[in-house]
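Structure record follows, encoded as structure tokens.
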Amino acid sequence: MKITFTPDEKELFALIANASNNISTESFIVGGFIRDKLLSRPSKDIDITCIGDGISLAKEVKSLLKVKSEVNIFKNFGTAQIKTKGFEIEFVGARKESYNYNSRKPNIEPGSFMDDILRRDFTINTLSVSTKHIENGDIIDNLGGVEDLKNQVLKTPLDPDITFSDDPLRMMRAIRFATQLNFNIESNTFEAIKRNKERIAIVSIERITDELQKIIASKKPSIGFKLLNDCGLLKIIFPEFTDLQGIDIIEGLAHKDNFYHTLQVLDNISEKSDNIWLRWAAILHDIGKSKTKRFVENEGWTFHSHEIVGANMVYKIFLRFKLPLDNKMKYVQNLVKLHLRPMALVDNNVTDSAVRRLLFDAGDDIDDLMVLAKSDITSKNQFKIDRFLENYDKVIQKLADIEEKDKLRNWQPPITGDEIMEVFSLKPSKEVGIIKTEIREAILDGIIENNKQEAWKYMIETGIKMNLKVSDNLSKTYQQ
């Protein structure tokens, strides 16, 4: 089988071939770049393997490049990296690896081209092309990678038990590739993942999270989560999620399987948005249900306050996965906490106050909250889905109307704490907070308009009720 390269790629690979010749070595384009070219997937990451010293080859390539490029050298790994013309190229010498049982860090020694191919994770990543034969585009395929690519199947070059025991991260990578490429994992390979799942314990959480993020960012992330669940890895790395699985029945009353419901919500979100943190909100929106599930006589199954419990769980989950604990985490918390609120606005008799409060609480997250609310509709009854979506369209219109009138998105009350302290000659105290809250609540409830004049009058009235004294000058101004 042959492969066709673009003119830019041919020029780059010809230069690498010349550099290889200059230092008396041979080099090959190996792995993901070849795989992605055959799948017509865009890729700018290129792995170059040479028979010899990869760092020396990288330095020689740099000397031949017409444009200046830095060589980033990683001596501990025997690799070097160059970025040029939009490509990120990694150079490494052919090697063979051996592993200690308690570490996924290999012992490395120089090896043959075949040694290097055999150490790779999956047959579809063993395909290579010699830089000397770019014009011909002849693919070197010693392990049936092309056939596996055609059949859309993932399997390991060696015994999968050895592959996964040596480097357990490859189990996560198998599931990530299956999700991204929509490939099947060959049955013996998948059974080996089941047998070796406990080995994931020697992998750093950062590497696990990196693979998980790639699964979540894929076109249909539920594929990956179902595979993680089926092989037992999900229970180890994300037990809160698997706790949602299952259906209980009491007195003939059952609740839905919240694990598979969540996966459907995640897929729904993924059809609408690439925002990884909105996808995390989908994953975690019902995470509190396992802790709040109760069966109540004459009421059935309840999950009261699961949105509050779930929002509180977000921090620990982000902390464990070493995800950002900044505004990204707070964004997910906010969406989890508010995800039921739009449903309460469906009623035609809902007050403007309720709409204002949601706009105030959601702030800039309101649009994403409505995407989440719409995606949370997972009924198999299309009529029911259409009715809910129509209702949510009405809610969106209500939100737009109130926002246009009151400008409440990221709104701050028109009276500041400094102004309250000046009017009543107060130092920072709970009284200042009480007055500020009273003004905010009055505006949200529609008691006063959202402007400085009405807020100022309301501040004075509230302070007087609290037996606070207004300064003489300010009191005269108010009376006028």
Side-chain angles (χ1 to χ4, degrees), residues 104 121-122 154 160-161 163-165 167-187 189-248 255-270 276-291 293 306 309-310 313-323 332 336 378:
R104 61 175 290 267
D121 49 9
F122 308 108
L154 289 161
D161 282 303
T163 297
F164 295 139
S165 180
D167 185 355
L169 185 66
R170 289 169 174 166
M171 298 186 288
M172 293 289 297
R173 284 171 59 82
I175 291 168
R176 188 250 293 181
F177 282 128
T179 309
Q180 289 178 327
L181 304 176
N182 198 19
F183 277 22
N184 293 313
I185 301 175
E186 183 256 343
S187 58
T189 302
F190 193 68
E191 289 302 314
I193 294 176
K194 290 182 180 180
R195 289 191 294 269
N196 290 277
K197 62 182 181 294
E198 300 294 340
R199 293 281 291 150
I200 200 69
I202 70 168
V203 180
S204 72
I205 192 63
E206 291 90 347
R207 300 303 297 270
I208 291 171
T209 297
D210 184 54
E211 294 298 329
L212 193 62
Q213 289 281 72
K214 290 173 181 176
I215 290 169
I216 294 169
S218 62
K219 185 176 180 180
K220 192 174 182 181
S222 67
I223 294 171
F225 279 104
K226 287 174 183 175
L227 288 170
L228 286 170
N229 185 56
D230 291 346
C231 72
L233 279 171
L234 194 63
K235 181 68 175 175
I236 298 170
I237 65 173
F238 199 171
E240 301 93 336
F241 198 1
T242 57
D243 286 348
L244 295 176
Q245 191 171 358
I247 297 172
D248 294 311
H255 60 78
K256 64 188 172 188
D257 188 311
N258 288 300
F259 176 76
Y260 290 102
H261 161 73
T262 296
L263 292 183
Q264 183 60 60
V265 176
L266 176 59
D267 283 349
N268 290 347
I269 285 277
S270 301
I276 191 77
W277 307 112
L278 180 53
R279 294 184 183 201
W280 267 105
I283 293 167
L284 299 177
H285 81 287
D286 277 348
I287 203 72
K289 280 193 169 180
S290 61
K291 292 182 180 294
K293 181 169 67 176
H306 75 270
V309 172
M313 292 171 69
V314 170
Y315 172 78
K316 286 187 177 179
I317 291 169
F318 267 50
L319 183 66
R320 188 175 73 247
F321 282 120
K322 298 201 173 177
L323 290 166
V332 174
V336 172
T378 59

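Below, all heavy atoms of this structure are taken into account, side chains as well, without hydrogens, waters or symmetry copies. Quantities reported herein were computed from a predicted structural model and do not represent experimental measurements. Numbering of residues begins at 1 and proceeds along the displayed sequence.
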Would you name the heavy atoms of C231 and I175 that are closest together and state the gap between them?
SG-CD1, 3.9 Å
Spacing of I208 atom CD1 and M172 atom CE [to the nearest 0.5 Å]:
6.5 Å
Are T189 and F164 close enough that some pair of their side-chain heavy atoms sits under 4.5 Å apart?
yes
Using side-chain heavy atoms (C-beta onward) and a distance below 4.5 Å, is M313 in contact with L284?
no
For K197 versus L233, what's the shortest heavy-atom pair and its separation?
O-CD2, 3.7 Å
Answer whether the closest heavy-atom distance between the side chains of K293 and D248 falls below 4.5 Å.
yes
Please tell me whether F259 and F225 form a close aromatic pair, meaning their ring centres lie under 6.0 Å apart.
no
Measure the CG-CG distance between L234 and L212 for me, rounded to the nearest 0.5 Å.
8.0 Å
Heavy-atom pair with the smallest gap, counting every atom of N229 and T242:
OD1-CG2, 3.7 Å
Taking E240 as the fixed residue, which of K235, K289, R320, K316 is the one that meets the salt bridge (Lys or Arg N to Asp or Glu O under 4.0 Å) rule?
R320
Heavy atoms only: give me the nearest V332-W277 pair and the separation to one decimal.
CG2-O, 3.5 Å
Residues two or more places apart in sequence or in another chain: which of them pass side chain to side chain contact (heavy atoms under 4.5 Å, CB included) with K214?
R176, Q180, D210, E211
side-chain hydrogen bond (donor to acceptor under 3.5 Å, both in side chains) against S222, all qualifying residues, sequence neighbours excluded:
D267
What I'd like to find out is whether the side chain of R279 reaches to under 4.5 Å of the side chain of S270, using heavy atoms alone.
yes
L228 side chain near I215 side chain, heavy-atom distance below 4.5 Å
yes
Given L323 and Q213, is the side chain to side chain contact (heavy atoms under 4.5 Å, CB included) satisfied, shown in steps?
CA-CA 10 Å; L323 290 166; Q213 289 281 72; 3.6 Å; yes
Sub-4.5 Å side-chain heavy-atom contact between F190 and L227:
yes
Looking at residues at least two apart in the chain, or sitting in another chain, which of them share a ring pair (Phe, Tyr, Trp, His ring centres under 6.0 Å) with H255?
W301, F303
Considering non-hydrogen atoms only, spot the tightest contact between D257 and Q245 and give its length.
OD1-CA, 3.7 Å
First locate atom CD1 of I216, then atom OG1 of T209, and finally report the distance between them rounded to the nearest 0.5 Å.
9.0 Å
Does the side chain of L263 come within less than 4.5 Å of F241's, by heavy atoms?
yes
If I compare all heavy atoms of P221 with all of T179, which pair ends up nearest, and what's the gap?
CA-CG2, 4.2 Å
How long is the gap from CZ on F321 to CD1 on I317, to the nearest 0.5 Å?
7.5 Å
Within this structure, what is the CD1-CZ distance for the pair I236 and R199, rounded to the nearest 0.5 Å?
12.0 Å
Report yes if some heavy atom in the side chain of F122 is under 4.5 Å from a heavy atom in the side chain of R173; otherwise report no.
yes
Value rounded to 0.5 Å, distance of CD1 in I205 from NZ in K322
8.0 Å
